Every structure is written in structure tokens, then in C-alpha cells.
Amino acid sequence: MCTTVTADSLPELILRRLVISEQVAAAKFGAGRPVDDPVREERELARVRALARDLGLDPDLAADFLSDQIAASKQVQHRLFARWTAHPDERPSAGPDLSVLRAELDGLTVALLDRLAASVPEPLTPPETPHELTQEPLRTAYRTLARQRPAPGASGNGP
Ligand SMILES: C=C(O[C@@H]1C=C(C(=O)O)C=C[C@H]1O)C(=O)O
């Protein structure tokens with residue numbers, strides 16, 4: 001099976017978020033910080049709900065979708081933490097700046113919601129990847145997308 005991934009498509013943006021999560025893991029591992037940051041997650045979810053309303057998207061759908069992306073990101077990070085703990089020789093030498101990476105993630109979240117609002121609400125399946133690290137997290141990232149969703153503007157919230 002072949003899935004076409006064009007620049008800035010939903011699948012491409014989802015993958016990019018996971019790739020940045022690998023760098024986030026390096027930044028946190030290097031700084032001795034934990035993977036999970038529930039305060040930031042709550043803030044992101046509130047922001048996404050507000051953004052969804054502006055875009056005419058169902059806020060619950062948008063929040064479920066972002067929750068999937070967060071869960072997928074944490075899966076990638078926990079896997080890398082486990083790998084680097086077991087194999088010190090594989091640890092990254094220097095971690096990138098977490099605040100820079102988070103700014104990238106925040107920009108991607110806006111782009112992702114934009115794409116979600118513009119996409120046909122047909123179920124989407126995760127693409128196959130040769131990277132063992134990202135295959136399972138990709139399935140997580142597509143949990144909400146894999147279900148039938150209402151068309152944008154048909155959330156029953158208005159007028
Ligand atoms: C990516 C991070 O790691 C985790 C995943 C998050 C996300 O995917 O948005 C947010 C907070 C953390 O629980 C981060 O801390 O920024």
C-alpha cells in the first residue's frame with residue numbers, strides 16, 4: 001500500500017511532531033527533567049479548544065486529536081529514555097534548547113489544527129514507517145483520526 005504524503009499534509013505534520021519529540025527527549029534527558037509535564041499539557045489542551053472554536057472545529061475532537069499527539073510524543077520520549085538509560089554509549093552528547101523546541105511544537109499544533117479543519121472527515125490510517133521507534137507512536141497519533149469524525153462545522157455546538 002502506498003500513502004502519498006505531500007508537504008505540510010496532516011500525515012507529514014504528525015510525523016514532524018514526532019521527530020521533534022526525539023529532540024525534546026534529548027533536551028530533557030540531558031537536563032535531568034522528566035518526560036511528563038502535565039501543566040504544559042493542560043495549557044496546550046485549553047489553547048487547542050479555543051483555536052478549534054475559531055476554526056469551526058469541534059473542540060472535543062480537537063482536544064482528543066491533540067491528546068493523541070501528546071501521548072505519541074511521550075511514547076517516543078519514554079522509549080528513548082529507556083534506550084539511553086540501558087545504553088549510555090547511545091546518549092546524545094548535547095540536548096537542544098527545550099524552549100526553542102516547544103515553540104516549534106506550538107507552531108506545529110496551529111498548523112495541525114488548520115489541516116484538520118480543512119481535511120475530509122474520512123478515517124485516516126497511519127502510514128507504515130521503517131523506523132521501529134515511531135511505528136507504535138504513529139498508531140497512537142492516529143487514534144482519533146482513524147475513527148469517523150463529523151464534518152467541520154457540524155459539531156452541533158451552534159448557532
Ligand atoms: C513535548 C513535551 O513532552 C510531553 C508532551 C507534550 C506534548 O506532546 O505536547 C507536552 C508536555 C509533556 O508532557 C514537552 O514537555 O514539551
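Each ligand, and each atom within it, is numbered from 1 in the order the structure gives. Sequence positions, counted from 1, serve as the residue numbers for this chain. This structure is a prediction, so every number in the text was calculated from the model and none was measured.
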Students should be able to answer this: which protein heavy-atom is nearest to atom 16 (O) of ligand 1, and at what distance? R102 NE, 2.7 Å
L18 and Q75, any side-chain heavy atoms less than 4.5 Å apart: no
Contacting atoms of ligand 1, where contact means under 4.0 angstrom from a heavy atom of K74: 4 (C), 5 (C), 13 (O)
When you compare ligand 1 with R40, is there at least one nitrogen or oxygen pair between them that comes in under 3.5 angstrom? yes
Counting from 1 in the order shown, the ligand 1 atoms closer than 4.0 Å to a non-hydrogen atom of D36 are 13 (O)
I'd like to know if D106 pairs up with R43 as an ion pair, taking the criterion as any Lys NZ or Arg NE/NH1/NH2 lying under 4.0 Å from an Asp or Glu carboxylate oxygen. no
Within ligand 1, which atoms have a heavy atom of S73 less than 4.0 Å away? 1 (C), 5 (C), 8 (O)
Sidechain N-carboxylate O distance under 4.0 Å for R143, D64: no
Suppose we measure from atom 8 (O) of ligand 1 to each protein heavy atom; which comes out shortest, and what is that distance? R17 NH1, 2.9 Å
Over 60° means perpendicular and under 30° means parallel, so classify the ring planes of F81 and W84, tilted if in between. tilted
Can you spot which of K74, R102, K28 makes a side chain to side chain donor-acceptor pair (under 3.5 Å) with D37? R102
Just jot down the ligand 1 atoms closer than 4.0 angstrom to any heavy atom of L105, in number order. 1 (C)
Please list the nearest protein heavy atom to atom 9 (O) of ligand 1 with its residue and the distance rounded to 0.1 Å. E44 OE2, 2.7 Å
Give yes if a backbone or side-chain nitrogen or oxygen of E41 is under 3.5 Å from a nitrogen or oxygen of ligand 1, and no if not. yes
Report whether V100 and V110 are members of the same hydrophobic cluster (ILVMFWY, side-chain heavy atoms less than 4.5 Å apart, transitive linking). no
Can you name the atoms of ligand 1, numbered from 1 with element, that are less than 4.0 Å from a heavy atom of V35? 3 (O), 4 (C), 12 (C), 13 (O)
More than 12 heavy atoms of other residues, nucleotides or ligands under 6.0 Å from CZ of R33: yes or no? no
Please list the nearest protein heavy atom to atom 3 (O) of ligand 1 with its residue and the distance rounded to 0.1 Å. K28 NZ, 2.7 Å
D97 side chain to S99 backbone, donor-acceptor under 3.5 Å: yes
